[in-house]
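Reminder, nothing fancy here: chain letters follow the sequence lines and each chain counts from 1. Small disclaimer: the values here were computed from a predicted structure and weren't measured.
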Protein chains: 2
Amino acid sequence: MRKRVLVAQSGGPTVAINASLAGVIAGVVRSGEYERIIGAANGILGVLNERFTDLSIFENDVKAGNDSISDIVTSGNDDVQKAWCPKSQLDRLAVTPSMYLGSCRFKLPFYEEDSQLYEKIFAILDKNDIGMFFYIGGNDSMDTVNKLSAYAKSISSDIRFAGIPKSIDNDLPHTDHTPGYGSAAKYIAASIAEMAHDVKIYDIPCVTIIELMGRNAGWLTGAAALARNEYNELPQLIYLPEVDFDKDEFIEDVKNELKKSNCVMVAVSEGIHDSDGNYINAGTSDTFGHDQLGGAAKTLELLVKEKLHIKCRSVEINIMQRCAAHMAAGTDIREAYELGIAGAKYAIEGNTGFIPVLKRISDAPYRSVIEYADLKSIANVEKKVPLEWINKAHNNVTDNMLEYVKPLIKGEILLPYKNGLPDYLWQDTKYMD
Amino acid sequence: MRKRVLVAQSGGPTVAINASLAGVIAGVVRSGEYERIIGAANGILGVLNERFTDLSIFENDVKAGNDSISDIVTSGNDDVQKAWCPKSQLDRLAVTPSMYLGSCRFKLPFYEEDSQLYEKIFAILDKNDIGMFFYIGGNDSMDTVNKLSAYAKSISSDIRFAGIPKSIDNDLPHTDHTPGYGSAAKYIAASIAEMAHDVKIYDIPCVTIIELMGRNAGWLTGAAALARNEYNELPQLIYLPEVDFDKDEFIEDVKNELKKSNCVMVAVSEGIHDSDGNYINAGTSDTFGHDQLGGAAKTLELLVKEKLHIKCRSVEINIMQRCAAHMAAGTDIREAYELGIAGAKYAIEGNTGFIPVLKRISDAPYRSVIEYADLKSIANVEKKVPLEWINKAHNNVTDNMLEYVKPLIKGEILLPYKNGLPDYLWQDTKYMD
């Protein structure tokens, strides 16, 4: 039997992707079935370039029982001072943002068309005595691991392949939600609530437009509604990319809100578009190049100033929404970890070509279980916000959206601090011989 | 003797300005010399419009001894779980971002030129039996309270006036630093450190440009250097508005850094300008109007793409850097509170026309004491980063800057959470009859 397991990470960063890495390590080590688990640097490129990362400090924590991530309270803490705090290196890994192993954006060709890369990858896996390969990532990464799995079957290789989901965009099908989404939603909601305090202070009409990530799926933008509470009605307007955006209707919406309050806040997805499918980021496209997204909020800021002649500001929360681990959701970190463990177990039991997914059992109290989906059915499919979760005027989300996302941001985590700043692990760039 | 004290807040938000409000309340109530302390809504406009806010919930906390803000540990906590956590309403006020009493941007004329507004203000103060007026704010607000104080002297009024400093920009003279700066610096450093994790993951050349607030003073931009540690050298380049910016030299700086690392991060002030004093936000000025700042990072992003043809991203941390109370610095909140108490005490002792300021006694261990400066000498003066704290190449800060800012971000605060989000007090908009 092959003696080693390989794990890699790919796609865009999230706050929870290292918790899944920690979970895969814990699942593999606890099984006692393999001698080692090692990492590939920069995703599948690390395999191709034979750049492997030693993970023994984490293996040792699991062997010594020094992993406590399953103790995270996910229901929200009455007393923050009793919240979970990482202690071991494996614990710290689980709350370190972005990819500990590095990432890549790399699309494999179909092996039926070009098998050369596949032959190289499998030769390297053979040489390194790899029995299982775990790929933690989003849609594109699931495409990669699905192709590897299919190729393995075609050559009757006994190497097992599994995907582990992650995405701040929450756009993978067959899973209630993806790890990384809850923490991003928590950071977005907290930041918008704080900005509501900020923009409320002047007694003059003003509009604030917040742009959030999610090109085709409005999950993160919909989470902006979490900022509302018994005192705060901001943001009053929310626009998702699942429906068409009309600039004239937008101006009417803002005017209507200004009749009720001097202070209007709007959350928009970076991917809002008109009925012809053109992104609402004209105005900037000639100067900044057609190839880049972003600028929806800036475009609307200019529109409000032009049409309404009032104070208007745009804010792009940008990459901070996917790396702000100091605001990680306990639910998110714990589920990401458990998906890693479950994926490892299921592969060790003999399965391949799968991805562990979350199935929600109840909203309140929130409970989820782990099931397994076929990689084939998940790769390259985008899950969007259901149209019935968007109001009829297309300028807000319904309570269904709120009930869905509410439990996912719960649970606080107390990071260790050093010199006044969160003390994370740093990405390892020393490779094994 | 007059029976009541008035307090108001003005200018741009900070995370610590309500801690100073809490301090003024505590100082006044503890003295036992006045019957009430009340707030004016939206700064001096609240006086003019006679919109006063009841602060009795906070007065009651002080009377009952339920204020514990002085217990905040400012030296950094070995164990975050033992960090200070607000309990009373006064405690919660101290860690609520932005202005609890609202704000305004309003410049008083010189009373020698137009005394009408002054007569109105003083008539309202008389009518409401106000013996002392505290104005918490930055340069512009100090101008206001200085003018009121001068007018009081000119008419031999016995009403006392004091300013309490606040500014994320840290640009007030005569004080080692201003409340609000430390928390903003902590948030900036933490966010940049997290973004360093984010941008490090791809093994391809890329440049990330972070824009920070501070039009004429580079204090916040200089704080970006705090993100560096034994593992992380990002941001390698830092440009302050105290010196001229040259686009060609900037491109050379980036090229040099790219020789050392694939991953280059740059921190720039929103106020960087060329040797003719023109802001580096051309490109956007025609489309977006000359009257607004911002866009330095976007301009440099386009420049890098044009000149170097590599991946480049710009991020504007925007208003989040001044309202992210979930990352408040313990040192900042405690000092803001103590300045409020000291200001109240000093006025009660019979002084007027002053502002309490911080004098640093030592860097390590950090210690500061409170002194008092004349309002006349502080209004409308901007304190900038000393030129000797900027390196010779004008693309970095020196260790002096780091030693200066390091202690100011220390001390963690554990906010109460509700539904997964920080639970702040909300601005009061119910006014007294």
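Side-chain contact between B:Trp426 and A:Lys200 is present, with heavy atoms from C-beta onward closer than 4.5 Å. A:Asn419 places none of its side-chain heavy atoms less than 4.5 Å from the side chain of B:Lys406. Residues A:Ile317 and B:Met320 meet the side-chain proximity criterion, which asks for heavy atoms closer than 4.5 Å.
The part of B:Thr96 that comes within reach of chain A is its side chain, from C-beta onward, which places non-hydrogen atoms under 4.5 angstrom from that chain. Residue contact with chain B, scored on non-hydrogen atoms closer than 4.5 Å, involves the backbone and the side chain of A:Arg105 alike. At a 4.5 Å heavy-atom cutoff, the contact between A:Ala324 and chain B is made by backbone and side-chain atoms alike. No part of B:Val15 comes within reach of chain A, as not one of its non-hydrogen atoms sits under 4.5 angstrom from that chain. If you measure heavy-atom distances from A:Leu425 to chain B, the contacts under 4.5 Å come from the backbone alone. B:Pro416 touches chain A through its backbone: at least one of N, CA, C or O sits under 4.5 Å from a heavy atom, while the side chain does not.
Of the inter-residue distances, the one linking A:Ser191 atom OG with B:Tyr187 atom OH reads 5.0 Å to the nearest 0.5 angstrom. The distance from the CE atom of B:Met195 to the CG atom of A:Asn318 is 7.5 Å, given to the nearest 0.5 Å. To the nearest 0.5 Å, atom OH of residue B:Tyr202 and atom SG of residue A:Cys104 are 8.0 Å apart. Rounding to the nearest 0.5 angstrom, the gap separating the CG atom in B:Asp203 from the CZ atom in A:Arg51 is 5.0 Å. To the nearest 0.5 Å, atom CD1 of residue A:Ile319 and atom NE2 of residue B:His197 are 12.0 Å apart. With rounding to the nearest 0.5 Å, the separation of CD1 in B:Ile409 from OH in A:Tyr417 is 10.0 Å.
Under the 3.5 Å distance criterion, the side-chain polar atoms of B:Glu194 are matched with a main-chain donor or acceptor of A:His326. Distance alone, capped at 3.5 Å, places no donor-acceptor pair between the A:Lys186 side chain and the B:Leu421 backbone.
Applying the salt bridge (charged side-chain N to carboxylate O under 4.0 Å, His left out) test to residues at least two apart or on different chains, the pairs with a partner in residues 417-427 of chain A are A:Arg92-A:Asp423, A:Lys418-B:Glu230.
Here the shortest heavy-atom pairing between B:Asn42 and A:Ile201 reads ND2-O, 2.7 Å.
Among B:Pro422, B:Gly102, B:Gly12, B:Pro13, the residue with the largest count of heavy-atom pairs under 4.5 Å with chain A is B:Pro13.
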